[in-house]
Amino acid sequence: DTAVSQTPKYLVTQMGNDKSIKCEQNLGHDTMYWYKQDSKKFLKIMFSYNNKELIINETVPNRFSPKSPDKAHLNLHINSLELGDSAVYFCASSQVLLNEKLFFGSGTQLSVL
Amino acid sequence: AQTVTQSQPEMSVQEAETVTLSCTYDTSESDYYLFWYKQPPSRQMILVIRQEAYKQQNATENRFSVNFQKAAKSFSLKISDSQLGDAAMYFCAYRSGGTYKYIFGTGTRLKVLA
């Protein structure tokens, strides 16, 4: 039933490791997003895909690589994790051309030790 | 570049009272959409209310209403009859029509006092 689901909900890892966060939406939306929420709660867009094509790529380190195998899935892979990567990462989707709202996943809290 | 500003980092309201959260935005576009999202401690982002710029009428959803002042580029959220469950972070967001980017303000933490 969950519209936008992301896994895992919590991720604790050591500096230097590589990790992935997965996201799936069952709303039939064409557009998916990754947002980062830092410790001050500021929400910043990272990437967006529309029908598997990258359309938004904000100033994000190259260690972050999104992948969209189909329009219902958008994964985020992070290489060589750093302390500063600790944050909550939200996946979201929208049918932008129908002027839909953003539907959010429940977030993944990443803690880099 | 479009920006969204929430000048109140934190607000408090007594239960059953009314509170207004401020949001201003900067844009040169005429076609855009505005949103208020609520983030309770559970972390889930929940849409509270949305407003299309072309609509003059202010949006209302039960106890939540907005004061949309297009010329002033202001989009404030009024919460009436505040309840303990309204305690959360509130984010104002903007999207220009024809673009895919949703831009968020820095948030206002609302405390509801019993």
Side-chain angles (χ1 to χ4, degrees), chain A residues 2-6 8-11 23 25 27 29-59 68 71 74 87-110, chain B residues 1-11 21 23 29-55 59 61 64 66 75 87-111:
Chain A
T2 304
V4 182
S5 59
Q6 56 182 107
K9 287 188 172 13
Y10 298 93
L11 190 49
C23 179
Q25 54 96 1
L27 297 165
H29 289 165
D30 288 336
T31 312
M32 295 186 72
Y33 303 79
W34 281 111
Y35 277 83
K36 177 181 180 181
Q37 186 173 43
D38 63 22
S39 58
K40 294 183 179 178
K41 302 295 186 182
F42 184 55
L43 270 165
K44 185 177 178 184
I45 190 168
M46 301 174 70
F47 303 103
S48 178
Y49 274 73
N50 187 60
N51 280 321
K52 303 192 297 176
E53 297 295 321
L54 181 65
I55 56 170
I56 296 174
N57 185 357
E58 294 291 294
T59 307
S68 182
K71 75 173 194 177
L74 179 61
V88 178
Y89 292 85
F90 283 98
C91 177
S93 74
S94 181
Q95 193 66 2
V96 170
L97 295 182
L98 293 181
N99 299 317
E100 272 273 27
K101 67 175 185 178
L102 262 181
F103 288 77
F104 283 87
S106 56
T108 296
Q109 183 161 347
L110 172 64
Chain B
Q2 293 97 350
T3 57
V4 177
T5 301
Q6 293 179 250
S7 58
Q8 306 153 317
E10 193 170 290
M11 292 282 285
L21 308 184
C23 173
E29 305 289 333
S30 58
D31 176 29
Y32 53 87
Y33 302 84
L34 297 162
F35 308 84
W36 278 100
Y37 277 87
K38 169 185 176 181
Q39 186 179 40
S42 67
R43 190 169 82 198
Q44 184 66 49
M45 294 287 288
I46 303 162
L47 179 73
V48 175
I49 201 164
R50 59 175 280 167
Q51 174 82 42
E52 293 85 349
Y54 63 84
K55 289 186 178 178
E61 288 286 343
F64 298 87
V66 298
F75 182 61
M89 285 289 292
Y90 286 82
F91 293 94
C92 180
Y94 164 99
R95 183 178 70 80
S96 174
T99 71
Y100 292 86
K101 194 174 188 177
Y102 294 77
I103 301 169
F104 285 80
T106 50
T108 296
R109 183 178 300 280
L110 177 66
K111 294 184 177 180

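Every chain is numbered from 1 and lettered A, B, ... according to where its sequence line falls, protein lines coming before strand lines.
- In this structure, the separation between CG on A/L54 and OG on A/S48 is 8.0 Å, given to the nearest 0.5 Å.
- Within the structure, every pair that satisfies the salt bridge (charged side-chain N to carboxylate O under 4.0 Å, His left out) test and touches residues 32-54 of chain B, not counting sequence neighbours, is listed here: B/R50-B/E52, B/E52-B/K55.
- Of the atoms belonging to B/Y33, it is side-chain heavy atoms, and not backbone ones, that fall under 4.5 Å from chain A.
- Taking the side chain as every heavy atom from C-beta outward, A/L102 and B/F104 approach each other to under 4.5 Å.
- Note: A/Q37 leads A/Q37, A/K44, A/K40 in heavy-atom pairs under 4.5 Å with chain B.
- For A/I56, the part sitting under 4.5 Å from any heavy atom of chain B is the side chain, from C-beta outward, and nothing else.
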Check residues 87-103 of chain B and write down every donor-acceptor pair under 3.5 Å in which the side-chain atom is one partner and the other belongs to a residue at least two apart or another chain.
from: B/Y90; atom 1: OH; to: B/D86; atom 2: O; distance (Å): 2.6
from: B/Y94; atom 1: OH; to: B/T27; atom 2: OG1; distance (Å): 2.6
from: B/R95; atom 1: NH1; to: B/T99; atom 2: O; distance (Å): 2.8
from: B/R95; atom 1: NH2; to: A/N99; atom 2: OD1; distance (Å): 3.0
from: B/T99; atom 1: OG1; to: B/S96; atom 2: O; distance (Å): 2.8
from: B/K101; atom 1: NZ; to: A/E58; atom 2: OE1; distance (Å): 3.3
from: B/K101; atom 1: NZ; to: A/E58; atom 2: OE2; distance (Å): 3.0
from: B/Y102; atom 1: OH; to: A/S94; atom 2: OG; distance (Å): 2.8
from: B/Y102; atom 1: OH; to: A/E100; atom 2: O; distance (Å): 2.8

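- Proximity to chain B (any heavy atom under 4.5 Å) is restricted, for A/I55, to the side chain, taken from C-beta onward.
- With a 4.5 Å cut-off on non-hydrogen atoms, A/S106 touches chain B through its backbone and its side chain both.
- For the pair A/K101 and A/F103, the cation-pi test (distance below 6.0 Å, angle within 45°) is passed.
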